[in-house]
Trainee: 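Quick one: the structure is below, questions incoming.
Position 1 is the first residue of the sequence, and the numbers go up from there.
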Amino acid sequence: MGQREGAAGLTTHAPQAAQAVTLPASLDEAVAALAAMPAAVPVAGGTDLMASVNSGQLRPAALVGLGRISEIRGWQYQDGHALLGAGLTHARMGRPDFAALIPALAAAARAAGPPQIRNAGTLGGNIASASPTGDALPVLAALEATLIIAGPGGARREIPVSHLLAGMEMLRGGELIGYVRVPLLHAPQVFLKATGRTGPGRAIASVALVLDPARRGVRCAVGAIAPMPLRPLDAEQWVASLIDWDNNRAIVPEALNAFGEYVAAACIPDPAPAEDGSAQQLPPAVLHLRRTVAALARRALGRALS
């Protein structure tokens, strides 16, 4: 999948219909097509791209369709990791066999929206679009997943998902996200989100939390409240030190509430004092959001440890 499912590098010329559609059968063929047509936009499910096209924001000169590339529509095991094809749909990731593999990612996939979105939208598209409300993104951040990037001439390179989302590393010309490499922790993991309404919808806040018993660690990522998922590292380390890893992962109840507050304050900190030194208050809407994050983090840890 290309950065923002191909949106990067588009011009702002007057709207025009797409001039060409290429349907490669392999990842390397898709990369070659992009190299031959630098203005082309890669598209898989197209849920984000078509929204931009329909609104008149984008008019791609050419499309490279990724839907026929079977090699990126499944997954395989590799050295204690799952190698997930970027073409996996949310609907496929939401099924029970995938949920047994990576429960939090399956939960995020099931929460991604109505059936038509889940049937079309893909894992790679979610990453490439990099929407702050992308449900898979905090899960991948908490799992410390990496991306296998396909480039011209059969080249492959690996980068952390978090680096791409933070803009620390970007896709180069002609590159596509081919696979997502996720460690298999074989331990509880949870994804929760708040939408502000009943039923599937865009998150106003989300939390992914995974336990890593081998390292006696807790990893947490908060989504939707910032341009990229946020990792409250100090809160993770603090709560991991309170868990009795040798005794059914026991923890005192008070620590759950404290963890929620710790995560929320780390992600939505108090404003800096005014020039006269007086304390500033968060606006009511921001304070409500911080309380929402605290509740999600507390519940996520409680469910993971139960």
Trainee: If two hydrophobic side chains count as joined below 4.5 Å and joins carry through other members, does Val190 share a cluster with Leu101?
Mentor: no

Trainee: When you compare the side chain of Pro114 with that of Ile117, does any pair of heavy atoms fall below 4.5 Å?
Mentor: yes

Trainee: Does a side-chain heavy-atom distance below 4.5 Å link Leu165 with Pro229?
Mentor: yes

Trainee: Any donor-acceptor pair under 3.5 Å linking the side chain of Gln189 with the backbone of Ala104?
Mentor: yes

Trainee: Set out, in order, the CA-CA distance, both residues' side-chain angles and the distance that settles salt bridge (Lys or Arg N to Asp or Glu O under 4.0 Å) for Arg156 and Glu175, then state yes or no.
Mentor: CA-CA 9 Å; Arg156 299 289 187 269; Glu175 288 189 329; over 6 Å; no

Trainee: Please give me the minimum heavy-atom distance between Ala226 and Pro132, naming the atom from each residue.
Mentor: O-CB, 3.3 Å

Trainee: CG/Leu84 to CZ/Arg92 distance, rounded to the nearest 0.5 angstrom?
Mentor: 11.0 Å

Trainee: Only pairs at least two apart or in different chains count here, so list each salt bridge (charged side-chain N to carboxylate O under 4.0 Å, His left out) that has a residue in residues 280-292.
Mentor: Asp270-Arg290

Trainee: Taking the side chain from Thr292 and the backbone from His288, do they hold a donor-acceptor pair closer than 3.5 Å?
Mentor: yes

Trainee: Is there a side-chain contact between Asn119 and Thr89, using heavy atoms and a 4.5 Å cut-off?
Mentor: no

Trainee: Do you know the tightest heavy-atom contact between Ala136 and Leu105?
Mentor: CB-CD1, 3.9 Å

Trainee: How many angstroms lie between CD in Glu29 and CG in Leu23, if you round to the nearest 0.5 Å?
Mentor: 11.0 Å

Trainee: Apply ring pair (Phe, Tyr, Trp, His ring centres under 6.0 Å) to Trp245 and list each qualifying residue two or more places apart in sequence or on a separate chain.
Mentor: none

Trainee: Say whether Ser26 and Asp28, considering side chains only, have a donor N or O and an acceptor N or O under 3.5 Å apart.
Mentor: no

Trainee: Filter on salt bridge (charged side-chain N to carboxylate O under 4.0 Å, His left out), then keep only pairs touching residues 74-90, sequence neighbours left out; what's left?
Mentor: none

Trainee: Rounded to the nearest 0.5 Å, what separates atom CD1 in Ile149 from atom CG in Leu171?
Mentor: 5.0 Å

Trainee: Determine whether Val252 and Leu209 fall in the same hydrophobic cluster, where Ile, Leu, Val, Met, Phe, Trp and Tyr are linked whenever their side-chain heavy atoms lie under 4.5 Å apart.
Mentor: no

Trainee: Do any N or O atoms from the side chain of Arg298 and from the backbone of Leu256 form a donor-acceptor pair under 3.5 angstrom?
Mentor: no

Trainee: In the single-linkage hydrophobic clustering (I, L, V, M, F, W, Y; side-chain heavy atoms under 4.5 Å), do Leu233 and Leu242 co-cluster?
Mentor: no

Trainee: State plainly whether one hydrophobic cluster holds both Val139 and Leu192, where clusters connect Ile, Leu, Val, Met, Phe, Trp and Tyr through side-chain heavy atoms under 4.5 angstrom apart.
Mentor: no

Trainee: Same cluster for Val180 and Leu185 if Ile/Leu/Val/Met/Phe/Trp/Tyr side chains link at under 4.5 Å?
Mentor: yes

Trainee: Could you go through the side-chain contact (heavy atoms from CB on, under 4.5 Å) check for Val64 and Val43 one step at a time?
Mentor: CA-CA 6 Å; Val64 176; Val43 57; over 6 Å; no

Trainee: Taking all non-hydrogen atoms of both residues into account, name the closest pair between Ala203 and Asp135 and its distance.
Mentor: CB-OD1, 4.2 Å

Trainee: If you apply the rule side-chain contact (heavy atoms from CB on, under 4.5 Å), what do you find for Ile251 with Val239, and how did you get there?
Mentor: CA-CA 9 Å; Ile251 192 171; Val239 80; 3.8 Å; yes

Trainee: Going through the distances and angles, do Thr122 and Leu88 end up as a side-chain contact (heavy atoms from CB on, under 4.5 Å)?
Mentor: CA-CA 5 Å; Thr122 63; Leu88 275 170; over 6 Å; no

Trainee: I want to check something: taking the side chain as every heavy atom from C-beta on, are His81 and Thr146 in contact at a cut-off of under 4.5 Å?
Mentor: no

Trainee: In chain order, what residues pass the side-chain hydrogen bond (donor to acceptor under 3.5 Å, both in side chains) check against Arg73, with sequence neighbours excluded?
Mentor: none

Trainee: Closest approach of Leu176 and Pro42, non-hydrogen atoms and distance?
Mentor: CD2-CB, 3.7 Å

Trainee: If you measure from CG on Leu230 to SG on Cys267, what distance do you get to the nearest 0.5 Å?
Mentor: 4.5 Å

Trainee: Compare all side-chain heavy atoms of Leu63 with those of Thr22 and state whether any distance is below 4.5 angstrom.
Mentor: no

Trainee: Counting distance only, does the side-chain N/O of Asp276 pair as donor-acceptor with the main-chain N or O of Ser278 below 3.5 Å?
Mentor: yes

Trainee: Can you tell me how far apart CE (Met93) and CD1 (Ile102) are? Round to the nearest 0.5 Å.
Mentor: 9.0 Å

Trainee: Who are the salt bridge (Lys or Arg N to Asp or Glu O under 4.0 Å) partners of Arg219, not counting sequence neighbours?
Mentor: Glu144, Asp212

Trainee: Just wondering, do Leu123 and Leu140 contact through their side chains at under 4.5 Å, heavy atoms?
Mentor: yes

Trainee: For residues Ala142 and Val210, report the shortest heavy-atom separation together with the two atoms involved.
Mentor: O-CG2, 3.6 Å

Trainee: Return yes when atom CZ of Arg215 has more than 12 non-hydrogen atoms of other residues, nucleotides or ligands closer than 6.0 Å, and no otherwise.
Mentor: no

Trainee: Under the criterion side-chain contact (heavy atoms from CB on, under 4.5 Å), I'd like the reasoning laid out for Met228 against Leu137: C-alpha separation, chi angles, the key distance, then a yes or no.
Mentor: CA-CA 8 Å; Met228 69 202 74; Leu137 304 186; over 6 Å; no

Trainee: Quick one, Tyr179 and Trp75 - any side-chain contact, counting heavy atoms below 4.5 Å?
Mentor: no

Trainee: Does a side chain donor of either Thr133 or Ser131 reach within less than 3.5 Å of an acceptor in the other side chain?
Mentor: yes

Trainee: Closest heavy-atom contact between Phe191 and Ala111?
Mentor: CE2-CB, 4.2 Å

Trainee: Say you draw a straight line from CD1 of Ile204 to CG of Leu296; how long is it, rounded to the nearest 0.5 Å?
Mentor: 8.5 Å

Trainee: Could you note down all residue pairs passing salt bridge (charged side-chain N to carboxylate O under 4.0 Å, His left out) where residues 235-256 supplies at least one of them, sequence neighbours left out?
Mentor: Arg216-Asp246, Arg231-Glu236

Trainee: Should Leu164 and Ile177 count as side-chain neighbours, where that means a heavy-atom distance under 4.5 Å?
Mentor: yes

